[in-house]
Amino acid sequence: MRILSLGAAGFIGSHLTDRLLKEGHHVTGLDLQADKLTDYLTHPNFTFLRQDIRSPESNLDRLIQESDLVIDLIAYANPGLYLRIPLEVFRLNFTENLKIAEACVRHNKRLIQFSTCEVYGRTAASLKNAQLLNPEDPIHATFSEDTSEFILGPVSKHRWIYSCAKQLLERVLHAYGLEHGFNYTIIRPFNFIGPKIDYLPQQAADIPRVFSFFMGSLLTGAPMKLVNGGTNRRCYTYIDDAVECCYRIVENPGAVCDRQIFNIGSPHNEVSIRQMAELMRNIYAEKFRENPAVPLPEIVSVSGEEFYGEGYDDSDRRIPDITKARTLLGWEPVWGTRDTFERTMEYYVNEQCEAMTSSLAGR
Ligand code: UDP
């Protein structure tokens, strides 16, 4: 297939590009930079286009017309950005993505749209008035693609603009499916993690995702900060598991993915952010710490407002119901929590060593 991958150089896009090329597809990857794709730039089946889809010079319409399948990964998908630049988050994640979808409708192309598990928002158990017998039961935090309700906070909590933009995009794709027979598949990733997930924070202004903050702390000794005590919970999904499922969606056996939404995630890998900090610290001490005399970073608590600024709110807990991916695609995640973190950490430890070696060699 001739596949157009928009946002190919991001974390998910770079891993997916690797798989698509291994499977023999021709891939045109478009992104702002190619840092995570350097291994593929000379591959005979790969074309990289350094382009901003927001630029008036962008030739997106022609690229879509010439492809068999479009994969749209373009997004601002980092909570730090929802708080800082909510309008840009809306414009990119809704307005620009909508243009891509409408070009797919015009040219009758199948679209795989990456959305987010953030669309589910908060759990019913987190609402003050929830009268639940056992609020801790995972059933209250397990979200299904076609039946779960979405619970978002008030407009003043602008974190939700991302969730809301993605939700609206999903609804528009669904409507195009109904009215024009548009063929799309929506993917809702649940906290994918693995090598290349993010950059490590360098300056005070950097706000990557939590893994990178904790990794940065382990490498520098700075405190690991738990936002509001680190009680929120996430299910971390190793990128190899995630890409396996994404690839099955690309293949679309028996057209089972047509006009469907899929959760992709590891329901058994749930950890609170506090547990994650402790687990990463333990793994680091056991596997990667070179000098046991150097103390491990302390774990401290900070308020959400202090860490992110005004407008912070959060998903308290989210567990994917993956029945659909299991039954339609025969997919099952295999990576457990500890291995997932260990493999991801190993990548950053090696990166750091390489960076130190090359800076010493350059002296
Ligand atoms: N978080 C934290 N310490 C940090 C960064 C984030 O406790 O240094 C929390 C954040 O408030 C959220 C969770 O970790 O509850 C996951 O945040 P992340 O930015 O990784 O993305 P999310 O899973 O919310 O999309």
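Counting starts at 1 for both ligands and their atoms, in listed order.
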* Quick one: do Asp313 and Arg122 make a salt bridge, cutoff under 4.0 Å? -> yes
* **Aromatic plane relationship, Tyr284 with Phe288 - under 30° parallel, 30 to 60° tilted, over 60° perpendicular** => tilted
* Asked: Which one holds for Tyr308 and ligand 1: side chain close, backbone close, both close, or neither close, with close meaning a heavy atom under 4.0 Å?
  -> side chain
* Structure fact -> For Glu118, the atoms of ligand 1 under 4.0 Å from one of its heavy atoms are 25 (O)
* Using a distance-only test with no angle check, is there a side-chain donor-acceptor pair under 3.5 angstrom linking Asn350 and Tyr348? -> no
* Indicate yes or no: does Arg19 engage Glu244 in a salt bridge with an N to O separation below 4.0 Å. => yes
* Asked: Any luck finding a side-chain donor-acceptor pair between Tyr184 and Asp72 under 3.5 Å?
  -> no
* Asked: With distance as the sole criterion, is a donor-acceptor pair present between the side chains of Asp31 and Gln51 under 3.5 Å?
  -> no
* Nearest neighbour in protein (non-hydrogen) for atom 25 (O) of ligand 1 -> Arg318 NH2, 3.4 Å
* **Nearest non-hydrogen protein atom, atom 3 (N) of ligand 1** => Lys225 O, 2.7 Å
* Should you measure from each heavy atom of Asn191, which atoms of ligand 1 turn up under 4.0 Å away? -> 23 (O)
* Per-atom contacts, ligand 1 versus Phe213 - under 4.0 Å to a heavy atom -> 5 (C), 8 (O)
* Structure fact -> Quick look: Val210 vs ligand 1, heavy-atom contacts under 4.0 Å, and the answer is both
* Asked: Can an N or O of Arg234 be found at a distance shorter than 3.5 Å from an N or O of ligand 1?
  -> yes
* Structure fact -> For Leu226, the atoms of ligand 1 under 4.0 Å from one of its heavy atoms are 7 (O)
* Atoms in ligand 1 flagged as close to Asn232, the criterion being non-hydrogen separation under 4.0 Å -> 15 (O)
* Structure fact -> Under 4.0 Å between heavy atoms, the region of Arg317 that gets near ligand 1 turns out to be neither
* Pair Asp321, Thr142: side-chain N/O donor-acceptor within cut-off below 3.5 Å -> no
* For atom 11 (O) of ligand 1, find the nearest protein heavy atom and state the residue, atom name and distance (0.1 Å precision). => Tyr312 OH, 2.8 Å
* Does any N/O atom on Val227 come nearer than 3.5 Å to any N/O atom on ligand 1? -> yes
* Asked: Where is the nearest protein heavy atom to atom 8 (O) of ligand 1: which residue, which atom, and how far?
  -> Phe307 CZ, 3.3 Å
* Structure fact -> Of all protein heavy atoms, the one nearest atom 15 (O) of ligand 1 is Asp314 OD2, 2.6 Å
* **Pair Asp339 + Arg343: basic N to acidic O under 4.0 Å** => no
* Just need the protein heavy atom nearest to atom 21 (O) of ligand 1, so name the residue and atom and give the distance. => Pro79 CG, 3.4 Å
* Structure fact -> Here the atoms of ligand 1 under 4.0 Å from any heavy atom belonging to Arg209 are 18 (P), 19 (O), 20 (O), 21 (O)
* Distance-only side-chain donor-acceptor flag, Arg110 / Thr185, under 3.5 Å -> yes
